[in-house]
Amino acid sequence: DTGVSQNPRHKITKRGQNVTFRCDPISEHNRLYWYRQTLGQGPEFLTYFQNEAQLEKSRLLSDRFSAERPKGSFSTLEIQRTEQGDSAMYLCASSLAGNFGNTIYFGEGSWLTVV
Amino acid sequence: GIQVEQSPPDLILQEGANSTLRCNFSDSVNNLQWFHQNPWGQLINLFYIPSGTKQNGRLSATTVATERYSLLYISSSQTTDSGVYFCASGRGSYIPTFGRGTSLIVHP
């Protein structure tokens, strides 16, 4: 079990550019989550997938944000026309939903700095 | 949605001391986890504990679901315990809602 993998780990981009983060969940986990965390705050929910279906999106996920999980395996989170307020750590997590306890495991996060 | 409150917000200990962290949640939940966020930002799962008591080494946790709180106990704290501890809870199809965390500093 290799754990949840995220890349890139760090990204510095200029305001207005697009960025994409990738998440590879724990193999066979059917749920995948994206969260955002800013300094001094707890992680905030953005969206989650069950298999390839995006089942819920937070109001935080503006129309500049899009997430996909095309084959129910890895996922991408794209931010278009980045703004300085998008600077944060983006966290991916996965779980095996069912009667197994629903434990959620997080990756190491992708730090985004918009300058 | 569910509100999660954690206390205390900050905690400073000497190595070897014991501590108790508290998590209150606003509604009945059937999922609850404790995490430790290390200085590099990774969230490490400590316990999945929607009810009852669990122990893992120097750490233990108790959730009293009927009274809507959970406690995390750290005994004989070490400097490596430093970091931020988060409680996250949810119900139904589990979308964890996080508290603001307890920041723990353990001095040698």
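Computed from heavy atoms alone, side chains included, the values below leave out hydrogens, waters and symmetry copies. Just so it is clear: chains get the letters A, B, ... in the order the sequence lines come, proteins before strands, and each one is counted from 1.
The part of A:Leu91 that comes within reach of chain B is its side chain, from C-beta onward, which places non-hydrogen atoms under 4.5 angstrom from that chain. Residue B:Phe47 does not touch chain A at all, counting heavy-atom pairs closer than 4.5 Å. For B:Gln37, the part lying under 4.5 angstrom from a heavy atom of chain A is the side chain only.
The closest side-chain heavy-atom distance from A:Val19 to A:Glu78 is not below 4.5 Å. In this structure, the side chains of B:Val106 and B:Gln78 stay at 4.5 Å or more apart for every pair of heavy atoms.
Here A:Tyr35 is the residue among A:Tyr35, A:Tyr48, A:Phe45 with the most heavy-atom pairs under 4.5 Å with chain B. The greatest number of non-hydrogen atom pairs below 4.5 Å with chain A, out of B:Thr97, B:Asn45, B:Ile95, is found for B:Ile95. Per-residue heavy-atom pair counts under 4.5 Å with chain B were compared for A:Tyr33, A:Trp111, A:Tyr105, and the maximum is reached by A:Tyr33. The candidate with the highest count of non-hydrogen atom pairs below 4.5 Å against chain B, out of A:Gln50, A:Glu56, A:Met89, A:Arg31, is A:Arg31.
A donor and an acceptor atom, one from each side chain of B:Tyr48 and B:Asn31, are located under 3.5 Å apart.
Between A:Asp86 and A:Arg64 there is a salt bridge, with a side-chain nitrogen of the basic residue lying less than 4.0 Å from a carboxylate oxygen of the acidic one. The pair A:Arg9-A:Glu108 meets the salt-bridge criterion, since a charged nitrogen lies less than 4.0 angstrom from a carboxylate oxygen.
For an aromatic pair to be called close, the ring centres must be under 6.0 Å apart, and B:Phe25 with B:Tyr69 fails this.
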